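Following: one structure in structure tokens, then a few remarks.
One-based numbering along the sequence shown. All values reported here derive from a predicted model rather than from experimental measurement.
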Amino acid sequence: MSCDQDAETRHILDCFRDRLKRLVQVEPLLDLLHFLEPDRKDRIKAKFREEGNISAAALLIDEIIHSKNCAQGWSRELITALETVGCKHAAKYVLNSPPEPTEEAENDSCVRLIDLLQLTLVNMKTADVCAHCRALGLLTLEDQENNILKLTENQGNIGGARLLLKRLVKNEAGWFSKFLQALEDTEHRELVRELRGEPCNEDEAMSVETVEEGEQSCSENMPVLPPVLSANSSLLSEDLDSSVDSSGLGACANNEEVDMYKEGEEEDLTEDDDPSEERKRDIVLRDYQMEVARPALEEKNIIICLPTGSGKTRVAVYITKEHLERRKQMGQPGKVVVLVNKVPLVEQHYKAEFGRFLKHQYSVERVSGASQLKISFPQIIEQNDIIICTAQILENSLVKAKNGDEDGIKLSQFTLMVIDECHHTKKGGVYNHIMIRYLKQKHQNQVLKKQEKSPVALPQILGLTASPGVGGAMSQQRAEEHILQICANLDAFTIKTKTFEEEEAKTPYKRIARAEERKEDPFGDVIKKIMDEIHEHADLKPLCEPGTQNYEQWVVQKEQNAAKEENQKVRVCAEHLRQYNEALHQSNTIRMSDAFRFLNKYHNEELKTKSSPDEEGTVTITDTERFLFTLFKDNKEKLQELMGKPQYENNNLAQLKTNILKEFSTRERARGIIFTRTRLSAIALCQWIQENPKFDEVGVSASYLIGGGDQSVVKPMTAAEQKDVLNKFRDGQINVLIATTVAEEGLDIAECNFVIRYCLVTNEIAMIQARGRGRAEDSSYTLVAEAGSGVAERESVNEYREKMMSKAIAKVCKMNRADYEKKIREFQMQAIMEEKVKIKKKLQKGMMKEPPSKISLSCRQCSVFVCSGEDIEKIENMHHVNVTPQFSELFIVRENASLQQRLLDYETNGVIACKNCGLQQWGSMMLYKSIECPCLHIKNFVVTYGSKKKTFSKWSELPIKFPAFDYTQHADFLVEDSGEEEDMETD
């Protein structure tokens with residue numbers, strides 16, 4: 001089209017803006033508008049997510065009208081796109097060919113009629129009507145299969161019917177009579193009569209005035225308006241009289257449109273993405289969902305075990321709503337806490353489920369370690385009906401309450417506790433710590449009842465899981481005991497599930513892609529040769545093959561022993577061997593160039609630190625370190641040469657490439673997750689995809705997702721970065737996510753249709769969880785592994801254990817009630833007794849705790865003396881700090897953005913490292929109530945305890961009682977010190 005025509009189209013869009021924004025389907029349309037810049041599309045998608053289709057359509061129109069960079073001919077592309085996605089009515093307006101005023105008025109009447117009778121129409125047989133509407137050209141294939149039928153499956157018949165009606169009213173005039181035909185063909189005669197305004201029997205028919213022939217002068221395709229909606233009808237006369245004269249451009253320029261599409265109190269049928277208030281209130285469960293929910297609706301503690309993607313969380317939302325409504329009717333307060341085990345799931349459960357369906361009726365709040373809390377957790381509990389939080393936050397508050405802290409809370413404050421991924425309720429886990437408190441109180445309540453005293457209120461428990469696992473069981477009996485143990489831990493009356501056959505039907509298509517074994521690996525041979533020379537230099541004799549996990553464990557143990565013995569030669573060699581072992585692993589799973597870059601970066605950073613760690617100190621290189629640096633330098637050129645020869649690359653990458661290209665060439669819209677073992681491999685695989693033009697040709701857009709825990713090798717992702725990546729993956733801006741196990745559990749991306757586990761096998765729970773990330777109906781699950789690596793064989797073991805798990809659950813469900821309750825009581829009493837023994841030992845250990853003067857700390861890297869235990873104090877019974885002036889002379893501070901964390905009273909924003917060696921990190925610099933406090937991490941030191949040297953991973957392992965940090969005393973000291981400095985400046 002010419003420039004003049006493009007300018008005219010902008011004018012048309014401006015004139016018909018109010019009507020177009022209610023006719024356009026933004027989400028599918030954006031994918032076809034190539035003339036819009038990506039950043040503009042991003043803004044529109046964000047508006048779509050936050051405010052819905054109408055607001056997004058209005059923004060789309062504004063962007064097109066005001067854009068100066070649209071390529072010539074964009075208006076033709078827009079019209080074609082509108083027709084392609086089924087918005088033919090909108091396309092007519094853009095072409096400046098709107099219907100005649102009378103035709104448009106009748107169409108508005110039909111839309112209003114559908115709106116008024118919606119509560120009756122949603123009871124139609126959605127799937128049947130949808131098929132006939134598709135055959136009559138009222139719906140696109142995308143509408144039918146990927147939108148309406150999918151929503152019907154997920155939310156039930158009524159939800160699908162609502163979306164069907166919303167799609168229908170966006171058609172061009174003439175759709176109403178076709179819709180009537182579809183209803184007639186599917187035997188919805190009562191609905192047809194109601195839409196036509198016909199009476200239900202002959203007696204009523206006599207009292208209805210017939211329509212004059214002159215009033216039926218419209219075309220055959222236009223519907224006959226029912227008598228109750230004639231031109232004289234008071235219901236519509238005002239709307240019809242004030243309807244826009246849309247016969248041309250001039251008629252619409254200065255008129256405000258008053259029609260069926262106008263936003264108001266009634267539900268807007270054209271809003272197809274942001275659920276209406278009615279839809280938010282209506283949580284429609286499918287039959288199997290209602291079946292598993294039934295005991296919980298009877299106020300029993302249960303575990304719901306359903307496959308991923310089958311709506312466990314939706315069931316929990318329904319149970320929560322019913323629970324709060326029931327308590328309200330009884331005049332009793334209700335409070336629900338939803339516990340999750342990962343920070344990203346807090347936001348997901350809030351936005352996609354609990355907030356979406358319940359915040360219009362109840363106060364819903366979410367809290368996690370990433371939250372910037374403005375008020376205390378107890379206040380949040382008090383002020384809200386539903387609280388979604390990480391389990392650790394609740395546990396911390398329960399501990400405070402036990403210790404008499406005002407900031408603590410008690411389980412009795414809740415009436416329902418939902419535990420997501422409840423298979424983690426096992427020894428040592430935070431879920432189990434919470435449930436042990438519950439079980440102890442339950443046991444105490446039984447004693448109180450016998451004493452005729454009032455028991456302490458306890459919340460109802462609802463556990464959710466897709467994979468309770470078998471706990472490493474080798475026999476069916478052990479697997480059943482594991483399931484019973486989980487039930488006991490959660491005090492479950494029963495465990496509810498679907499049958500095995502139903503679950504199997506939902507399982508993604510699975511395949512194992514075996515890569516050929518590597519015939520030659522000269523790159524790896526050079527690394528192994530270097531490692532052998534280090535072994536010889538340090539007189540080390542490894543018990544296993546380099547490049548394996550067993551070797552990793554062996555070398556870590558050697559490093560720990562050497563640190564205790566202050567054997568710097570062995571300790572430094574062991575540290576370098578760990579890096580070479582990691583490089584071998586990388587060479588076997590990603591590119592040789594990635595492995596080389598990893599080694600080169602490590603040696604450069606070590607050498608740089610050794611050369612000039614800080615202006616305040618100098619560091620000498622030991623003979624062993626000089627040997628190690630020279631050894632790498634001598635082999636560096638050979639490694640660089642070999643990494644440039646593609647014939648020596650591992651075959652796993654080629655197999656992975658084949659599978660990714662297959663997914664994108666056989667699917668209309670591919671979106672998937674690749675799981676890998678380490679953060680390094682996730683980042684490297686992402687880079688490999690981004691640098692390969694073959695992936696770009698098929699439309700692959702990749703990013704990585706890794707954990708948030710601090711590591712020295714790889715900078716962790718912040719919660720905000722994780723959230724941003726996940727949002728882009730949900731929106732489709734990213735269609736391949738390379739992730740570590742952080743994404744295995746709970747993340748719900750409905751459009752994800754393929755999952756690849758790349759050279760990664762753990763247990764049956766991880767397998768089920770990873771496979772479950774493929775939510776789309778035609779999803780696939782692929783394991784890429786090298787032949788002979790044992791990975792495929794371990795996957796077979798996991799499949800066997802999954803079947804064992806399903807049989808065990810079925811067996812437990814069929815147990816005699818008395819036998820089941822007896823077993824549960826046995827497991828619970830055992831858990832309570834174990835907890836009592838544990839507490840007793842802890843108390844004895846506390847009584848036996850020695851004074852801090854019994855220990856001293858030295859640098860794990862260079863063995864230099866750091867401080868005595870007498871210099872260490874504890875902040876909030878958690879953080880171990882040393883604020884003595886002499887200690888401040890021993891360390892340097894480095895900025896580390898990945899460690900930045902701000903809480904109510906303190907923040908961490910840097911790391912402290914040994915000034916002597918320049919290498920070993922000692923901890924973090926913490927700003928506590930405006931005072932800088934060096935916070936020590938025990939894992940970075942060798943502890944001299946009496947005459948023995950030991951290493952510890954946690955401070956709690958030390959039988960030492962440290963004093964609490966005296967804030968007032970230290971603040972006074974700082975004030976006096978600063979006062980002296982000011983006096984000196986004055987002098």
Side-chain angles (χ1 to χ4, degrees), residues 517-518 520-590 592-607 609-610 620-643 648 650 677-678 680-681 712-713 786 788-790 859-863 917 919-920 939 942 949-951:
E517 288 190 59
R518 218 176 194 168
E520 289 182 273
D521 184 17
F523 184 89
D525 292 340
V526 172
I527 292 178
K528 288 177 182 178
K529 178 176 169 289
I530 295 172
M531 294 173 80
D532 286 340
E533 290 190 44
I534 298 174
H535 294 150
E536 188 177 342
H537 178 83
D539 195 25
L540 292 170
K541 295 177 175 58
L543 305 172
C544 40
E545 183 71 18
T548 63
Q549 207 159 349
N550 287 337
Y551 183 92
E552 171 84 5
Q553 293 167 357
W554 171 81
V555 80
V556 166
Q557 189 62 50
K558 284 294 178 186
E559 190 274 334
Q560 289 176 351
N561 293 339
K564 295 175 196 173
E565 298 163 5
E566 295 188 12
N567 187 337
Q568 294 307 317
K569 180 179 180 179
V570 172
R571 198 202 61 75
V572 174
C573 285
E575 184 59 40
H576 278 251
L577 285 170
R578 284 187 69 183
Q579 310 309 315
Y580 284 112
N581 196 61
E582 173 61 31
L584 274 178
H585 172 72
Q586 289 191 33
S587 172
N588 290 329
T589 52
I590 45 184
M592 293 182 290
S593 58
D594 296 310
F596 173 78
R597 275 196 294 267
F598 167 73
L599 286 175
N600 195 45
K601 181 183 177 185
Y602 172 75
H603 281 88
N604 286 342
E605 288 179 353
E606 291 283 297
L607 200 55
T609 311
K610 284 290 180 181
T620 56
I621 298 178
T622 64
D623 291 340
T624 295
E625 289 166 337
R626 187 173 288 106
F627 162 77
L628 292 167
F629 290 139
T630 304
L631 185 60
F632 177 70
K633 185 180 178 182
D634 292 345
N635 289 276
K636 184 175 177 180
E637 192 175 327
K638 183 65 176 174
L639 289 171
Q640 282 179 299
E641 178 192 337
L642 290 169
M643 78 179 193
Y648 296 136
N650 70 75
R677 186 167 72 89
T678 67
L680 281 167
S681 59
S712 58
V713 178
E786 187 177 66
S789 64
C859 177
R860 187 162 182 160
Q861 173 79 15
C862 65
S863 302
C917 64
L919 289 174
Q920 183 65 58
K939 65 182 180 181
V942 174
K949 294 183 183 293
K950 297 183 177 182
T951 56

Query - Pairwise side-chain contact, Leu639 with Phe632, heavy-atom cut-off 4.5 Å (strictly under) - result: yes
Query - Value rounded to 0.5 Å, distance of NE2 in His603 from CZ in Phe629 - result: 6.5 Å
Query - Contact summary for Val526 and Asn635, nearest pair of heavy atoms - result: CG1-OD1, 3.9 Å
Report summary line: Residues Lys939 and Arg860: closest non-hydrogen pair is O-NH1, 2.8 Å
Query raised in the report: Is any side-chain N of the basic residue among Lys528 and Asp525 closer than 4.0 Å to the acidic one's carboxylate O?
Result: no
Query raised in the report: Hey, are the side chains of Met531 and Tyr551 touching, using non-hydrogen atoms and a 4.5 Å cut-off?
Result: yes
Report task. Please examine the side chains of Glu533 and Lys529, heavy atoms only from C-beta on, and report whether any two atoms are closer than 4.5 Å. Result -> yes
Report summary line: Separation between CZ (Phe523) and CE (Met643), nearest 0.5 Å, reads 7.5 Å
Requested in this report: List the steps, then state whether side-chain contact (heavy atoms from CB on, under 4.5 Å) holds for Arg571 with Glu565.
Outcome: CA-CA 9 Å; Arg571 198 202 61 75; Glu565 298 163 5; over 6 Å; no
Report task. Could you tell me which non-hydrogen atom of Ile534 sits nearest to which non-hydrogen atom of Cys573, and how far apart they are? Result -> CG2-CB, 3.7 Å
Report summary line: Closest non-hydrogen atoms of Ile527 and Ala583, given as atom of the first, atom of the second and distance, are CD1-CB, 4.1 Å
Query raised in the report: Taking atom types as modelled and ignoring hydrogens, do the side chains of Gln568 and Thr624 form a donor-acceptor contact shorter than 3.5 angstrom?
Result: no
Query raised in the report: If we ignore angles and hydrogens, is there a donor and acceptor under 3.5 Å between the side chains of Gln579 and Glu575?
Result: yes
Query raised in the report: Who passes side-chain contact (heavy atoms from CB on, under 4.5 Å) against Glu582, sequence neighbours left out?
Result: His585, Gln586, Phe598, Thr678, Leu680
Query raised in the report: Are any of the side-chain heavy atoms of Asn550 and Glu545 separated by less than 4.5 Å?
Result: no
**Report entry** Reported CG-to-CZ distance for the pair Leu607 and Arg626, which is rounded to 0.5 angstrom
**Finding:** 10.5 Å
Report task. Go through Asn588 and Arg518 one step at a time and tell me if the side-chain contact (heavy atoms from CB on, under 4.5 Å) criterion holds. Result -> CA-CA 9 Å; Asn588 290 329; Arg518 218 176 194 168; 3.1 Å; yes
**Report entry** Test item: Tyr580 and Pro546 side chains (from C-beta on) under 4.5 Å apart, heavy atoms
**Finding:** no
Report task. Just do the side-chain contact (heavy atoms from CB on, under 4.5 Å) check on His535 and Leu577 with the steps written out, would you? Result -> CA-CA 9 Å; His535 294 150; Leu577 285 170; 3.7 Å; yes
Requested in this report: Heavy atoms only: give me the nearest Ala563-Val942 pair and the separation to one decimal.
Outcome: O-CG2, 3.3 Å
**Report entry** Shortest non-hydrogen separation from Ser587 to Ala595 and the atoms involved
**Finding:** N-CB, 4.0 Å
Query - Side-chain heavy atoms of Glu625 within contact of Val572, under 4.5 Å - result: yes
Query - NZ/NE/NH1/NH2 to OD/OE distance under 4.0 Å, Glu552 and Arg578 - result: yes
Query raised in the report: Heavy atoms, side chains only, cut-off 4.5 Å: are Asn581 and Val555 in contact?
Result: no
Query raised in the report: For the atom pair CD1 (Ile530) and CG (Leu631), what is the distance rounded to the nearest 0.5 Å?
Result: 5.5 Å
**Report entry** Between CG on residue Leu599 and CG on residue Asn604, distance to nearest 0.5 Å
**Finding:** 11.0 Å
Query raised in the report: Do the non-hydrogen side-chain atoms of Trp554 and Leu540 ever get within less than 4.5 Å of each other?
Result: yes
Requested in this report: Could you tell me the separation between the CG atom of Leu584 and the CG atom of Asp521, rounded to the nearest 0.5 Å?
Outcome: 7.5 Å
Query raised in the report: Out of Gln560, Glu559, Gln553, which one pairs with Gln557 under the side chain to side chain contact (heavy atoms under 4.5 Å, CB included) rule?
Result: Gln560
